[in-house]
> 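One structure coming up, written as structure tokens, with questions to follow.
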Amino acid sequence: MTGGRVVEILLVEDNDYDAEMTLRALQKARLANDVFRVRDGAGALNFMFGTGNHLDRATASAPKVIFLDLKLPKVDGIEVLRRLKEDPRTRHVPVVAMTSSDQEIDRYETYQLGVNSYVVKPIEFDSFVSAITQVGFYWLVINKPVETAD
Amino acid sequence: MNVAFPSLITTLVAMGTAAAIGLIVLLAMRFLARSERSASRSRLELQRNAETLQEYSQRLDRTTRENELLIMNTIDVICSIDRDGRFVRVSPASLAFWGYEPHEIEGRPFLEFVHPDDREKSMSEAALTMNGRPAIHIQNRYVCKNGEIKVVSWSGLWSSDDELMFCVGRDSTEPERLRERLQEAHDELQQLNVDLEAFCYSVSHDLRAPLRAVAGYARMLGDELGPDVSAEGSRFLDVIQGEARRMGQLIDDLLSFSRTGRSRLTPAPLQMGALFHEVYQEVAAVNQSRRIDFEVQEPMPLVLADRALVRQVAMNLISNAVKFTGSKSDARIRVVGEPAANGLAIFTVEDNGAGFDPSYADKLFGVFERCHSEAEFEGTGVGLAIAKKVVTRHGGEIWADSVPGDGATFRFSLPLAPVGARA
């Protein structure tokens, strides 16, 4: 339950270790205060649309950015992206696709669907931290979002 | 005068009449003579016409006989079909082909003999042909008397003078079977490729995630321990991270090798000189401390090749040359290109670096084959395997020679661009 809590980053990640490393990277950059993590695509959609176990959530207060792993159980990342970009309530929320492997077809498809950024998670920890920090800093600090849904 | 006047007139009239009669007689005689001549000429012409007609008739007989012989002896299926779609005449070869007697087939609708699944298509094709559009390579299946199904490829045209459709068909059963088998093999291969693609996808994804955790947690452990970690402990953590990174590189290279073999080849005229310069600039940018005497001998022959793939070849050879000249203070790399036999051009990349044992020259291009230890020169041993695959796919060859300690020479060939082509 997230209730009235303000969430800045919605982290959609099924891998616990990736999630922990992402959080640690964000903590180091002091960007981890308002991160909410879901483990699969269905959870992401419930969170964003205030359905399922997120009935109490006001969909009007959207996160500043969604970090979306592409390979997810239940509903996969591409499908989550499609549903978010199709819906006028969520279309304006920036989505950063985070993937383990660079696939031309994924890159093409996600951009077709309107992804805002596509990041390949590096294996080396320094590069990983640097990538997460840069992406987090850009979307939370530099980028100016739409305040409410249209 | 009065009396004499009429008699003069009479005389004059008489004289005139005589002259007129004479003229008429003369004309009549001339006409008769001409008619006589023309009649004999007509007779001659008639005779000549009769001869020509006979000659034509003989020629027609001969042609008919020859055509008949051709039809009788041809191995193709030849038949005529009337407007109702009934066989009128069927050549002997057709009868043998289908296994019927003439009375079993002539006068019967051709559709009866067509495979049930092909009847509709055959009917509409026949209707089109009867409306004046000649049929070319129309294919349908027939059921022979012994139940065998045969594929026939037809051409046909409608003759409105004869009210008949004349058809020539060829047995395409075997070619069609081969084509189907080829199609099956092709589909199977395509499915295998799709499977391989999916496999590579999951390899790159599923293998990279744990490696990221191995490297990441080793690093986080180091951070947790902070200054408490011993020098030895710190070295162990570095090894874990370094090896995780190397395995990540291996996976990437292996995938890139696999992709090189499957990606579509799009050859276009390519300036190799410019390509080598571009690649060298990129390699030099990450080796800024190095002083290398790099030279590309221009002009180079224009080749017909896939730029993105050949760029990988140039990249692998140039970065190898840069890597293996690392210990030389007077590092030198020369690139030469020249036209050779069989429409190929040969390119040479020569360095004065560490070189390799020439007895391993063949093994050099295998996947994960390395001639040096990881400690001497880092690398996964996939670069030259990729280069070989690219060059081979272009119909060229790649080979190498070396004097250990005195440099290596790599040569590869690519097809020359057609004369007059421009990059």
Side-chain angles (χ1 to χ4, degrees), chain A residues 11-30 32 37 39-41 67-73 76-81 97-110 118-133 135-136, chain B residues 193-226 234 236-260 262-264 266 286 308-309 312 378 380:
Chain A
L11 176 62
V12 191
E13 175 62 77
D14 65 320
N15 185 312
D16 287 345
Y17 306 128
D18 269 359
E20 191 175 354
M21 287 191 289
T22 306
L23 282 173
R24 195 174 172 100
L26 289 170
Q27 271 159 9
K28 277 192 174 177
R30 299 183 194 289
R37 179 201 169 196
R39 289 168 185 275
D40 55 51
F67 287 178
L68 178 67
D69 188 20
L70 287 184
K71 210 176 172 199
L72 291 169
D76 84 352
I78 296 219
E79 184 56 26
V80 170
L81 179 67
M98 299 269 203
T99 174
S100 273
S101 56
D102 188 12
Q103 293 285 329
E104 184 62 39
I105 177 88
D106 278 354
R107 231 191 296 167
Y108 178 82
E109 208 174 344
T110 49
Y118 183 98
V119 177
V120 179
K121 292 182 262 188
I123 285 180
E124 216 182 348
F125 191 65
D126 283 340
S127 314
F128 181 83
V129 168
S130 151
I132 297 291
T133 307
V135 172
Chain B
N193 242 334
V194 170
D195 293 349
L196 193 64
E197 192 78 51
F199 172 74
C200 288
Y201 182 93
S202 102
V203 162
S204 71
H205 194 279
D206 296 350
L207 292 191
R208 282 173 64 101
L211 281 176
R212 199 164 48 242
V214 168
Y217 278 77
R219 176 58 183 272
M220 291 194 293
L221 177 61
D223 287 354
E224 275 313 302
L225 293 171
S234 169
F236 292 165
L237 289 172
D238 286 348
V239 170
I240 295 172
Q241 289 179 76
E243 289 302 281
R245 185 180 55 221
R246 197 162 74 88
M247 182 151 177
Q249 193 58 51
L250 280 169
I251 294 168
D252 288 348
D253 286 356
L254 200 57
L255 287 174
S256 144
F257 174 70
S258 143
R259 228 172 272 149
T260 308
R262 285 175 292 130
S263 65
R264 190 183 294 276
T266 41
V286 289
L309 289 177
Q312 291 190 57
E378 65 175 28
T380 55

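Computed from a predicted structure; not experimentally measured. Lettering of chains follows the sequences in order, A, B, ..., and the numbering in each one begins at 1.
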> Quick one: which of A:D126, A:L70, A:T99, A:N15 has the most heavy-atom pairs under 4.5 Å with chain B, could you say?
A:D126

> Counting only N and O atoms by type, is there a donor-acceptor contact under 3.5 Å from the side chain of B:R245 to the main-chain atoms of A:E124?
no

> Kindly indicate, with the supporting measurements, whether the criterion side chain to side chain contact (heavy atoms under 4.5 Å, CB included) is fulfilled by A:E20 and B:Y217.
CA-CA 10 Å; A:E20 191 175 354; B:Y217 278 77; 2.5 Å; yes

> Within a reach of under 6.0 Å around OH of A:Y17, are more than 12 heavy atoms found that belong to other residues, nucleotides or ligands?
no

> Atom CE in B:M220, atom CZ in A:F125: separation rounded to 0.5 Å?
5.0 Å

> Answer whether the closest heavy-atom distance between the side chains of B:D206 and A:K71 falls below 4.5 Å.
yes

> Over all heavy atoms of both residues, which pair between B:R208 and A:P122 is shortest? Give the atoms and the distance, please.
NH2-CA, 4.5 Å

> Flag the pair A:V129 / B:R219 as yes when at least one side-chain heavy-atom distance between them is below 4.5 Å, and no otherwise.
no

